[in-house]
Amino acid sequence: MEKKLFRMEDVVLIYHNELGLAFRWKNTVPNADYERIQVVFRNMSFYLLQEEISKFSQNIRSAQFYNCSDCKANKSCRNILLKTPLEKMDISLNMQELSKLSDLVEGTLFKLDLQDYIWGAGRN
């Protein structure tokens with residue numbers, strides 16, 4: 001059986017930054033769940049519903065209260081354990097990665113909310 005390779009033409013980019021990107025698969029891609037958003041960063045990818053991304057955002061905000069100011073490796077070691085929307089999976093990040101992941105997730109949610117408004121309540 002031949003594997004199909006996907007190209008950037010197969011996705012709708014929602015948001016990106018230097019850490020990663022978020023996108024939806026186009027309707028032309030077989031077996032894709034168009035309600036889910038692919039969030040890719042570092043060497044990981046999550047295939048999430050918008051509600052799951054919102055929960056992830058809450059977890060990120062909670063983790064940002066972690067204070068490693070007394071640590072000699074300040075902001076460079078991966079000492080922050082972040083709960084993901086997947087029940088049995090946590091990831092370790094440093095403060096810089098957490099900040100970039102926060103931007104990626106918040107930017108994605110902003111764009112999704114904006115699209116919902118434009119195609120929903122904003123249409124007259």
Side-chain angles (χ1 to χ4, degrees):
M1 183 159 87
E2 183 181 327
K3 284 188 175 183
K4 178 166 172 45
L5 298 177
F6 296 103
R7 304 172 315 271
M8 285 306 290
E9 294 84 30
D10 296 324
V11 302
V12 177
L13 183 65
I14 298 170
Y15 188 79
H16 69 92
N17 67 9
E18 63 188 56
L19 180 68
L21 58 108
F23 65 88
R24 276 196 167 117
W25 292 101
K26 287 186 178 176
N27 293 342
T28 56
V29 176
N31 302 321
D33 182 349
Y34 311 112
E35 294 296 313
R36 292 188 181 269
I37 294 93
Q38 195 92 36
V39 180
V40 182
F41 61 96
R42 278 192 2 206
N43 60 345
M44 293 172 272
S45 177
F46 294 98
Y47 199 41
L48 305 170
L49 296 169
Q50 187 167 345
E51 301 82 41
E52 293 170 318
I53 297 173
S54 293
K55 176 65 176 153
F56 197 25
S57 173
Q58 292 170 6
N59 294 350
I60 292 168
R61 275 187 250 126
S62 295
Q64 287 176 327
F65 288 106
Y66 184 82
N67 186 354
C68 56
S69 60
D70 295 335
C71 179
K72 291 186 193 295
N74 190 15
K75 298 185 180 183
S76 62
C77 62
R78 291 187 171 148
N79 57 348
I80 301 169
L81 193 60
L82 176 64
K83 292 206 166 294
T84 71
L86 306 176
E87 183 179 324
K88 296 181 180 183
M89 184 176 182
D90 296 344
I91 55 176
S92 63
L93 301 164
N94 63 40
M95 193 57 89
Q96 293 162 339
E97 291 170 323
L98 185 66
S99 176
K100 291 174 186 173
L101 181 58
S102 176
D103 175 71
L104 179 62
V105 169
E106 293 302 321
T108 299
L109 287 171
F110 175 79
K111 289 283 191 108
L112 292 171
D113 288 342
L114 183 61
Q115 287 174 356
D116 287 346
Y117 177 77
I118 289 171
W119 296 108
R123 286 184 82 148
N124 289 333

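Side chains are part of it too, since the values below use all heavy atoms of this structure and drop only hydrogens, waters and symmetry mates.
Formation of a donor-acceptor pair under 3.5 Å by the Asn17 side chain with backbone atoms of Lys100 is found in this model. No donor-acceptor distance shorter than 3.5 angstrom exists from the side chain of Asp90 to the backbone of Leu81, with no hydrogens or angles considered.
Taking CD1 from Ile60 and NZ from Lys55, the interatomic distance works out to 11.5 Å, rounded to the nearest 0.5 Å. Here the CG-CG distance, from Leu109 to Leu114, works out to 12.5 Å after rounding to the nearest 0.5 Å. A distance of 10.0 Å separates CD1 of Ile14 from CD of Gln38, quoted to the nearest 0.5 Å. Considering NZ of Lys111 and CG of Asp113, their distance stands at 12.5 Å, rounded to 0.5 Å. Rounded to the nearest 0.5 angstrom, Thr108 OG1 and Phe23 CZ are separated by 11.0 Å. To the nearest 0.5 Å, the span separating CE on Met89 from OG1 on Thr84 amounts to 6.0 Å.
The nearest pair of heavy atoms linking Glu97 to Leu93 is OE1-CA, 3.5 Å. Nearest heavy-atom pair across Ser57 and Val105 is CB-CG1, 3.7 Å. For the pair Ala22 and Leu104, the tightest heavy-atom approach, listed with the atom from each and the gap, is N-CD1, 4.3 Å. Of all heavy-atom pairs spanning Ala32 and Trp25, the tightest one is CB-CB, 3.7 Å. Looking at every heavy atom in both residues, Leu112 comes nearest to Arg24 through CD2-NH1, 3.8 Å.
No salt bridge links Asp10 with Lys26; every basic N to acidic carboxylate O contact stays at or beyond 4.0 Å. Salt bridge present: Arg36 and Glu52 bring a charged side-chain N and a carboxylate O closer than 4.0 Å. A salt bridge is defined here as a Lys NZ or Arg NE, NH1 or NH2 lying under 4.0 Å from an Asp or Glu carboxylate O, and Glu106 with Arg61 meets this definition.
By the criterion of side-chain heavy atoms lying less than 4.5 angstrom apart, applied directly or through intervening Ile, Leu, Val, Met, Phe, Trp or Tyr residues, Tyr47 is grouped together with Val29 in one hydrophobic cluster. Residues Phe110 and Ile118 fall within the same hydrophobic cluster, defined by Ile, Leu, Val, Met, Phe, Trp and Tyr side chains chained together at heavy-atom separations under 4.5 Å. Linking Ile, Leu, Val, Met, Phe, Trp and Tyr residues whenever their side-chain heavy atoms come within less than 4.5 Å places Leu86 and Leu98 in a single cluster. Linking Ile, Leu, Val, Met, Phe, Trp and Tyr residues whenever their side-chain heavy atoms come within less than 4.5 Å leaves Val11 and Leu49 in two separate clusters. By the criterion of side-chain heavy atoms lying less than 4.5 angstrom apart, applied directly or through intervening Ile, Leu, Val, Met, Phe, Trp or Tyr residues, Met44 is grouped together with Phe56 in one hydrophobic cluster.
Within the 4.5 Å cutoff, the side chain of Leu13 has heavy atoms near those of the Leu21 side chain.
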Next item on the list: Check step by step if side chain to side chain contact (heavy atoms under 4.5 Å, CB included) holds for Phe41 and Ile91.
Entry: CA-CA 12 Å; Phe41 61 96; Ile91 55 176; 3.7 Å; yes
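Counting non-hydrogen atoms of other residues, nucleotides and ligands closer than 6.0 Å to OH of Tyr34 gives a total above 12.
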